Amino acid sequence: MKYVKNLKCTNCGQTYEAVPERYLCDTCGEKGILDVQYKYEKIKEDWNKEKLSQNNESSIWRYMPLLPVIETTQKPDLRIGHTPFYNSKKMAKKLGLNNLVIKDDGLNPTGSLKDRASAIAAVKAKESGAKTVSCSSTGNAASSLAGNVAAMESEMKAIIFVPKRAPAGKVAQLLVYGAEVVSVQDSYEETYYLSDRAIKKWGWYNRNAAINPYLVEGKKTAVLELAEQLNWNMPDWVVFSVGDGCTIAGAYKGLYDLKQIGFIESIPKLLGVQAEGCAPITKAFKTGKELEVTEENTIADSIAVGSPSNYKKALTAVKKSRGDMINVSDQDILKMIKTLGSTTGIFGEPAGVAGLAGIKKAVSLEIITADDNVAAVITGNGLKDIDNGRKATGDLIKIESDINKLEEIFYKKGVIDV
Ligand SMILES: *Cc1c(COP(=O)(O)O)cnc(C)c1O
Ligand SMILES: [Zn+2]
């Protein structure tokens, strides 16, 4: 924590000491989302690219000077981050691009980018002395919190609230990781409110990303890593799918940090992608009006947030980067699951590939041009949601054990030539 200055209210500018239990601004309440401020000058004195390259920690903790945790606090014993990236030529071509980088964050320990935030939550909970951590989630924040809490050395418990539509794979993860699971038979919004009331009533540590200012700092490690992997040569665009907005806000924060300490020269444009059936942030971005709560009508459960609590941070991020917001249909998303899988060997969940579907659309609308360098992060693993994986794909060959029949079918399908 020696590089953390304080927490600053994004609404009124008031500052607070960065203690683990500080979530919101006292004056502004729910509107007073706080932002962690760093002592950039001091970081610049003590840290540089060379020192970083000599650090053999291969996880998010290699970026310690830019993280709001005490160095010596025990960390979850999991490899968080350090996910691979690929220059996929075949995929680039499908999107109409010459240069594309894909970072596969579905390879985090519990299968999504959320591990980056949940690891921080587990550490902050430990620092606050809390024995119980809780959140509400569309699925991934929950499963990652459960996994990270399970990987803490000290006794700690996760109590998780999920909406009834959470995919079975994610609920199974929660139970396997030993969490207490509350399935709220209602929308995500109602799920969130129940968790909020329970957290206040019983005084648990709060991992709700929109409220807890430390979690965005974990999410930002996705771009810290990406920048290092690209040898600090940033692309023109960095693309994320958007639900609550914390991920894209975190991406901006990470890029801003890197610019402040002189690791990168300029901040790339951010493209935020929402699902057509649930796109309140895109709407607010396009109209410039206050956010209107919407239905949560999409297969991409991880970005189905009709009442996003962190939308202002997200809007600011996209605007300050001179980026854009776009929507894609569920059909576009399903198609992209198959396209990505069959051109790269990566299986993404619907929200995990929505960013790529957004790139395709942005290219067709000439928001992104073929020569732009583009990086996209696959935010979640497709094995979490095999139902949509199957929906995205065609039928398979069903047959009894008969080589002649097989030959006939193969011939018809063009699998073999005769
Ligand atoms: C949470 C999540 C997102 C979006 O992050 P927000 O902070 O809610 O905008 C995107 N993809 C996946 C797989 C997620 O789990
Ligand atoms: Zn305030």
Side-chain angles (χ1 to χ4, degrees), residues 7-16 22-35 104-106 108 110-118 135-145 162 166-167 169-170 173 188 192 208-213 215-216 218-220 222 239-253 270 272-275 278-282 296 298-315 317-318 325 333 337 347-358 376-385 388:
L7 304 175
K8 187 174 176 188
C9 175
T10 53
N11 197 46
C12 75
Q14 196 169 328
T15 57
Y16 296 91
R22 166 59 65 182
Y23 304 121
L24 291 165
C25 172
D26 288 338
T27 320
C28 306
E30 298 272 300
K31 284 203 175 105
I33 308 261
L34 301 177
D35 191 44
D104 186 8
D105 246 37
N108 272 300
T110 78
S112 82
L113 182 145
K114 295 287 194 293
D115 280 338
R116 297 176 182 276
S118 290
C135 73
S136 72
S137 158
T138 54
N140 286 333
S143 53
S144 74
L145 181 64
V162 287
K170 297 179 184 179
Q173 279 187 299
Y188 178 57
Y192 179 84
N208 282 324
I211 302 289
N212 187 315
L215 303 182
V216 168
K219 288 187 168 185
K220 82 183 177 190
V239 184
F240 283 96
S241 55
V242 175
D244 225 343
C246 302
T247 304
I248 202 156
Y252 182 79
K253 181 67 178 289
L270 291 170
V273 183
Q274 294 214 282
C278 186
I281 298 182
T282 303
E296 295 166 352
T298 170
I299 56 159
D301 65 289
S302 303
I303 51 169
V305 185
S307 174
S309 0
N310 212 353
Y311 75 96
K312 278 200 177 140
K313 249 190 191 176
L315 287 175
V318 176
M325 294 284 308
I333 290 172
I337 291 178
F347 183 9
E349 65 161 281
V353 308
L356 291 172
V377 179
I378 312 295
T379 48
N381 196 303
L383 287 174
K384 287 168 171 281
D385 186 357
N388 278 312

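Note that this is a predicted model, so its numbers are computed, not measured. Counting from 1, the numbers follow the sequence of the chain as shown. Counting convention: from 1, in listed order, for ligands and their atoms alike.
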Using a 4.0 Å cutoff against the non-hydrogen atoms of [X], which atoms of ligand 1 qualify?
{"X": "Lys219", "result": "7 (O)"}
{"X": "Val242", "result": "9 (O)"}
{"X": "Gly380", "result": "13 (C)"}
{"X": "Gly243", "result": "4 (C), 6 (P), 8 (O), 9 (O)"}
{"X": "Glu349", "result": "13 (C)"}
{"X": "Ser302", "result": "1 (C), 2 (C), 12 (C), 13 (C), 14 (C), 15 (O)"}
{"X": "Cys246", "result": "6 (P), 7 (O), 9 (O)"}

**OP:** Scan side-chain atoms only and decide if Ser302 and Lys170 contain a donor-acceptor pair under the 3.5 Å cut-off.
**Re:** yes
**OP:** Using distance alone, with no hydrogens and no angle criterion, decide if Gln173 and Thr110 have a side-chain donor and acceptor under 3.5 Å apart.
**Re:** no
What are the two closest heavy atoms between [X] and [Y], and how far apart are they?
{"X": "Lys384", "Y": "Asn140", "value": "NZ-OD1, 2.9 Å"}
{"X": "Ala354", "Y": "Ile303", "value": "CB-CD1, 4.1 Å"}
{"X": "Asp115", "Y": "Ser144", "value": "OD1-CB, 2.8 Å"}
{"X": "Lys31", "Y": "Asn11", "value": "O-CB, 3.7 Å"}

Original post:
Which residues pass the salt bridge (Lys or Arg N to Asp or Glu O under 4.0 Å) test with Asp35, sequence neighbours left out?
Top reply: Lys253, Lys313
Original post:
If you measure from atom 15 (O) of ligand 1 to every heavy atom of Asp244, Leu113, Asn140, which option wins on shortest distance?
Top reply: Asn140
Original post:
Out of Ile378, Asp301, Thr379, Ile299, which residue meets the side chain to side chain contact (heavy atoms under 4.5 Å, CB included) rule with Glu349?
Top reply: Asp301
**OP:** Determine the sole option in Lys114, Lys219, Arg116 for which the salt bridge (charged side-chain N to carboxylate O under 4.0 Å, His left out) test with Asp105 is passed.
**Re:** Arg116
Original post:
Hey, what's the angle at the Zn ion (ligand 2) spanning SG (Cys25) and SG (Cys28), nearest 10 degrees?
Top reply: 110°
Check each heavy atom of [X] against ligand 1 and say whether those closer than 4.0 Å belong to the side chain, the backbone, both or neither.
{"X": "Thr379", "value": "both"}
{"X": "Asn310", "value": "neither"}
{"X": "Ser241", "value": "both"}

Original post:
Mind checking what makes side-chain contact (heavy atoms from CB on, under 4.5 Å) contact with Asn381, not counting sequence neighbours?
Top reply: Leu383
Original post:
Is Ser112 near ligand 1, meaning one of its heavy atoms is under 4.0 Å from it?
Top reply: no
Original post:
Does ligand 1 have an atom that lies less than 4.0 angstrom from a heavy atom of Ile303?
Top reply: yes
Subject >> Distance from atom 3 (C) of ligand 1 to nearest protein heavy atom, with residue and atom >> reply: Lys114 NZ, 3.4 Å
**OP:** Considering heavy atoms of the protein only, find what lies nearest to atom 5 (O) of ligand 1 and give residue, atom and distance to 0.1 Å.
**Re:** Thr247 OG1, 2.7 Å
